[in-house]
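Order of appearance sets the numbers: ligands from 1, and atoms from 1 within every ligand.
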Amino acid sequence: MTVVKDSGARSMLPPFGEEHEELRQTVARFVAAEIGPHVDEWEAAREFPRELYGRCAELGFLGLKFPERYGGQGGDHLHDAIWVEELARSGGSGGVAAGLNAHASIALPPIFNFGTEQQKQRWLVAGIAGEKIGALGITEPGAGSDVAGIATRADRVDGGYLVNGSKTFITNGVRADFLVCACKTNQEGGHGGISFLVLERQMPGYEVAAKLEKMGWHSSDTGELAFTDVEVPAENLLGEENGGFKLIMANFAWERLLMAIGAVGAMQRLIEVTVAYALEREAFGRPIGKFQAIRHQVAEMATKAEASRALTYNALRLFHTGQDCIREVSMAKLVTQRAVLEIADQSLQIHGGYGYMREYGIERAVRDARLGPIGGGTDEVMKEILGKTMGL
Ligand SMILES: Cc1cc2nc3c(=O)[nH]c(=O)nc-3n(C[C@H](O)[C@H](O)[C@H](O)COP(=O)(O)OP(=O)(O)OC[C@H]3O[C@@H](n4cnc5c(N)ncnc54)[C@H](O)[C@@H]3O)c2cc1C
């Protein structure tokens, strides 16, 4: 099947330049050769091989935005954005992207941003090298959107903390070597009583309670974790005690922006594949793409994708230049996660019965996209944030 490469796309849009485009080509080649051909097998196995982290590390993809002194590439968030977008565009697996990005772009940044030098040497360096896998643990069975309502406790004891509680829906939760974990560190908890501790898999009392079965993201492992009297040394406290809410908020901005960027990449893929299919598949003696109804569907898809891209790149530009962008990031997250779901559904419709079959990866795109309006802050939470930024 021929794939039309530039349907609805621009090769370069600010803030990206020539150097970023080169990285995009490198990522595209890697993903096409080493990820794409295996996705079906990994989806069926309900995980991708751990070695993929090592391979991505070898090629520098896990450390794009981190300084060279920690084994990174010395780039910035724009390089990471290229990686995330291209992984989604050429990879076509939400699960693989989720597993790699939950490690490099969600669990490692708080260690880089808030960790001591010793903590960076221990987890950031090993993480960038793909030797240790990280996860971020905030959500609990009883607290998702209401982040301040977490109940996992870390009680002060001699030399550190005693942690009791549980986490759920944790991406990489089954295989993670370390967990950047939100805990309640005073009686009240809430905004002024949350701290982050790095919990390690081998600590007695740390248990992977379940590997969860999901609607989409099949190739990523999603875990439920239980902690019973886990002794965590004081040196594993990340940032200030009771200052964890700041860390959560700092992380959310990048996580949400990444989700928007990933959606932009996924939309691009869906449009490319759909245009190619519409030119190839014939009905009533001509390619279905020549029917006005189909052309209009594709035009709508491309318009949604372009609007999503513009909104997302604008938020990225603001983020990259250190400006206040909570409003733009929330808007980008809100719009793109719905848009990619709609586009995946439109693509499935155009593919007809074949779209419903595994072969084209469209049914997977629909399932993978459905998480977007829920994970990393739901649509309703985004709207709450937006309303508040408008003084309501
Ligand atoms: C596959 C997967 C991977 C995930 N990975 C991670 C991870 O790695 N780490 C992690 O910490 N978490 C992770 N999550 C958790 C995810 O971030 C939460 O699911 C999400 O924040 C929503 O929380 P909840 O599921 O508890 O829903 P709830 O908070 O229980 O919400 C249920 C419904 O109520 C609505 N609602 C809640 N509060 C309000 C309100 N104030 N006003 C209006 N409506 C409201 C919500 O919008 C939603 O529609 C993952 C989830 C999934 C499914």
**OP:** Kindly write out the residues that satisfy salt bridge (Lys or Arg N to Asp or Glu O under 4.0 Å) with Asp379, not counting sequence neighbours, or none if the list is empty.
**Re:** Arg338

Original post:
Tell me the salt bridge (charged side-chain N to carboxylate O under 4.0 Å, His left out) pairs involving residues 344-362, sequence neighbours left out?
Top reply: Arg358-Glu363

Original post:
Looking just at side-chain N and O atoms, do Glu140 and Thr152 make a donor-acceptor pair shorter than 3.5 Å?
Top reply: yes

Which pairs of nitrogen or oxygen atoms, taken one from ligand 1 and one from the protein, are under 3.5 angstrom apart?
residue  : atom   : partner : partner atom : Å
ligand 1 : 5 (N)  : Phe169  : O            : 2.7
ligand 1 : 5 (N)  : Thr171  : OG1          : 2.9
ligand 1 : 8 (O)  : Thr171  : N            : 3.0
ligand 1 : 8 (O)  : Thr171  : OG1          : 3.4
ligand 1 : 9 (N)  : Leu136  : O            : 2.9
ligand 1 : 11 (O) : Ile138  : N            : 2.9
ligand 1 : 11 (O) : Thr139  : N            : 2.9
ligand 1 : 11 (O) : Thr139  : OG1          : 3.2
ligand 1 : 12 (N) : Thr139  : OG1          : 2.7
ligand 1 : 14 (N) : Phe169  : O            : 3.4
ligand 1 : 17 (O) : Gly376  : N            : 3.4
ligand 1 : 23 (O) : Ser145  : N            : 3.4
ligand 1 : 29 (O) : Ser145  : N            : 2.8
ligand 1 : 29 (O) : Ser145  : OG           : 2.6
ligand 1 : 47 (O) : Thr378  : OG1          : 2.7
ligand 1 : 47 (O) : Glu380  : OE1          : 2.7

**OP:** Look only at the side chain of Gln119 and the backbone of Thr116, and say whether a donor-acceptor pair between them is shorter than 3.5 Å.
**Re:** yes

Subject >> Pairing residues for Leu162 by the side chain to side chain contact (heavy atoms under 4.5 Å, CB included) criterion, not counting sequence neighbours >> reply: Val157, Asn164, Asp229, Glu231

Original post:
What is the ring orientation for Tyr360 with Tyr354, classed by angle as parallel under 30°, tilted 30 to 60°, or perpendicular over 60°?
Top reply: perpendicular

